[in-house]
Amino acid sequence: MADIKRTATRQAYGEFLKEYGAERKDLIVMSADLSGSNKTDLFEKEFPERFIETGISEQDLYAEAAGIALSGHVVAASTFAMFAAGRAYEIIRNSIAYTHANVKICATHGGITVGEDGASHQTFEDIALMRVIPEMVIINPADAVSAKILMRKEFERDGYSYIRLGRAGVPDVYDKDADLQIGKAVELKSGNDIAIIATGIMVDAALKAEELLAAEGISARVIDMHTIKPIDEDIIIKAARECKGIVTAEEHSVIGGLGGAVAEVTSAKCPCKVVRVGQQDCFGGSGKPAELLEKYGMTAADIVKAAKGII
Amino acid sequence: MKTVHELNEIARDVRMDALRGIHAAGAGHPGGSLSVTDILVSLYFNVMNVDPENPKMEGRDRLVLSKGHAAPALYSTLAHRGYFDTSEMLTLRKLGSRLQGHPSMKLCPGVEMSTGSLGQGFSAAVGMAIADKIDGKDRKTFVITGDGELQEGIIWEAALSAAKHGLDNLIAVVDWNNLQIDGVVDIVKKVAPIDEKFSSFGWATFVCDGHDMQALLDTYEKAFKVSGKPVCIVARTHKGHGVSFMEDQAGWHGKAPDDEQLAQALSELGGDR
């Protein structure tokens with residue numbers, strides 16, 4: 001697979017900030033000692049006067065971000081997903097969401113593909129945690145291209161959000177002219193036997209699974225649920241009506257994330273079988289991203305297995 | 001500008017209406033409200049550039065009550081300053097009221113930051129002062145914390161940030177009443193010496209009597225002369241100040257007075273006012 005171009009969504013984030021910072025003079029970017037890792041250094045080099053380094057202080061990062069946003073700025077505040085959604089949770093809840101501060105929580109290094117750093121740095125809980133905060137918008141892009149498109153849309157909106165970005169490179173799914181809307185999922189492949197609703201890096205795995213299923217005569221619909229909140233209910237209900245069941249695929253716990261959100265919609269609006277591919281309520285560990293995805297059951301083969309289980 | 005005598009009269013009225021509100025609500029925090037009142041009154045009436053007719057006035061000074069549980073004192077101060085009628089104090093903590101149990105900036109005019117979860121308001125105020133530096137706005141941000149609140153880790157993260165950015169547009173006032181819910185701060189988890197801690201974190205510090213209006217005003221004047229550093233004023237106060245049976249009693253941290261207690265408290269504070 002060496003010939004396929006792979007770009008990490010965190011790289012897209014840094015490039016987006018650099019572009020967007022030239023357009024939006026009210027954009028402030030903040031980072032907690034990880035500007036090289038979360039790629040905010042690309043912005044820092046261009047606009048040092050609008051870059052704020054908080055040091056290793058994630059709580060301060062997000063409460064300060066609230067204070068800056070409430071002074072009339074749009075703020076992108078970044079650290080690893082584990083420390084953003086985890087450590088700073090209650091600050092995000094009370095100082096950003098409750099005050100409706102225009103802070104974009106751009107959390108990099110989400111999920112198992114953090115890799116070698118191991119369980120302490122691999123969060124599978126972040127989307128679940130963010131989902132229960134009132135009116136939190138949650139975006140989990142599939143690739144670098146859609147990450148840039150969706151971030152631009154989200155930064156144009158006045159409001160708080162959680163944008164989950166990855167460490168590892170992912171192949172491009174979209175082309176740069178794709179028309180993407182926040183809250184509107186994308187049907188990437190049509191099919192009526194099974195629907196695979198995926199988010200983040202699992203969209204690429206879902207597309208591979210679709211090919212594997214097609215080879216066995218099973219027609220799979222593939223949906224990119226890039227916005228987990230507000231979730232696109234219509235596309236879920238349609239899939240539930242037209243297919244034999246739904247497989248959800250996410251680099252996140254099967255509890256409370258995409259799988260939970262889809263099941264909440266189907267159970268109320270159109271009950272059907274929903275099988276959730278994701279981290280199975282356990283901690284991760286060190287290893288290479290691909291090895292970890294295989295060990296913890298988040299590959300195209302796992303999606304295929306789940307799909308066949310329904311059919 | 002008010003005279004010290006006038007400020008003391010206002011503070012007395014603010015205390016009385018704070019207690020009336022807490023009594024009507026049947027819940028709230030009288031102890032810390034009474035300790036912080038003189039700090040709030042001195043700032044809102046003689047120091048801060050604000051306009052009650054236009055709470056969002058461009059260029060106004062901002063105040064964050066990081067010890068959000070002292071909301072009754074903040075509301076009562078805002079009411080007496082003219083942001084809303086003092087009769088609204090009787091809606092405190094009631095369904096549909098703008099005067100929530102802890103301050104909500106979305107509901108109550110004059111409230112600059114929603115607080116209640118300790119420590120966060122302090123860090124948010126640091127953010128506000130950073131924003132003003134970036135924007136070249138010449139105005140002040142005031143933040144009031146409790147001394148027990150200084151046990152929150154975020155305070156010290158933010159204290160480092162404020163020093164790093166040289167925020168001489170930020171003035172923190174610590175309502176140093178030495179009591180918290182579980183007892184004496186020095187015993188629960190000692191934070192003293194507060195001034196030395198802030199000094200070592202890179203702040204300019206002053207200590208004064210938090211119930212002496214002239215001392216508070218003089219200290220603010222000194223604070224405004226500081227350049228290149230954030231300022232921390234450690235104001236020595238007494239929980240429940242002004243009401244004999246509440247004074248220095250941790251038990252009055254979060255309890256409403258009954259009818260008889262309210263009558264006695266009002267009588268002690270204001271006689272037949």
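Model, not experiment: these values are computed from the prediction. In the text below, chain A, chain B and the rest are named by the order of the sequence lines, each starting its count at 1.
At least one donor-acceptor pair closer than 3.5 Å links the side chain of A:S71 to the backbone N or O of A:G67. In this structure, the side chain of B:S200 engages the main chain of B:K197 through a donor-acceptor pair within 3.5 Å.
At most 12 non-hydrogen atoms from other residues, nucleotides or ligands lie less than 6.0 angstrom from CZ of A:R93. A:E49 CD: more than 12 foreign heavy atoms inside a 6.0 Å radius.
Chain B forms more heavy-atom pairs under 4.5 Å with one residue of A:I56, A:L70, A:V75 than with any other, namely A:L70. Listed options A:M30, A:H100, A:E90 were ranked by heavy-atom pairs under 4.5 angstrom with chain B; first place goes to A:E90.
For B:T115, no part lies under 4.5 angstrom from a heavy atom of chain A. Residue B:A158 touches chain A through both its backbone and its side chain, counting heavy-atom pairs closer than 4.5 Å. Within the 4.5 angstrom heavy-atom criterion, only backbone atoms of A:E58 (N, CA, C, O) approach chain B.
A:R50 and A:E44 are not joined by a salt bridge, as no carboxylate oxygen comes within less than 4.0 angstrom of a charged side-chain nitrogen.
Outside the 6.0 Å centre-distance limit, the rings of A:F283 and A:F124 are not counted as a close aromatic pair. Between B:W156 and B:F198, the ring center distance clears the sub-6.0 Å criterion.
Proximity to chain B among residues 107-118 of chain A is not found for any residue, judged by heavy-atom separations below 4.5 angstrom.
Ring geometry, A:H121 versus A:F80: the interplanar angle exceeds 60°, so the pair is classed perpendicular (tilted spans 30 to 60°).
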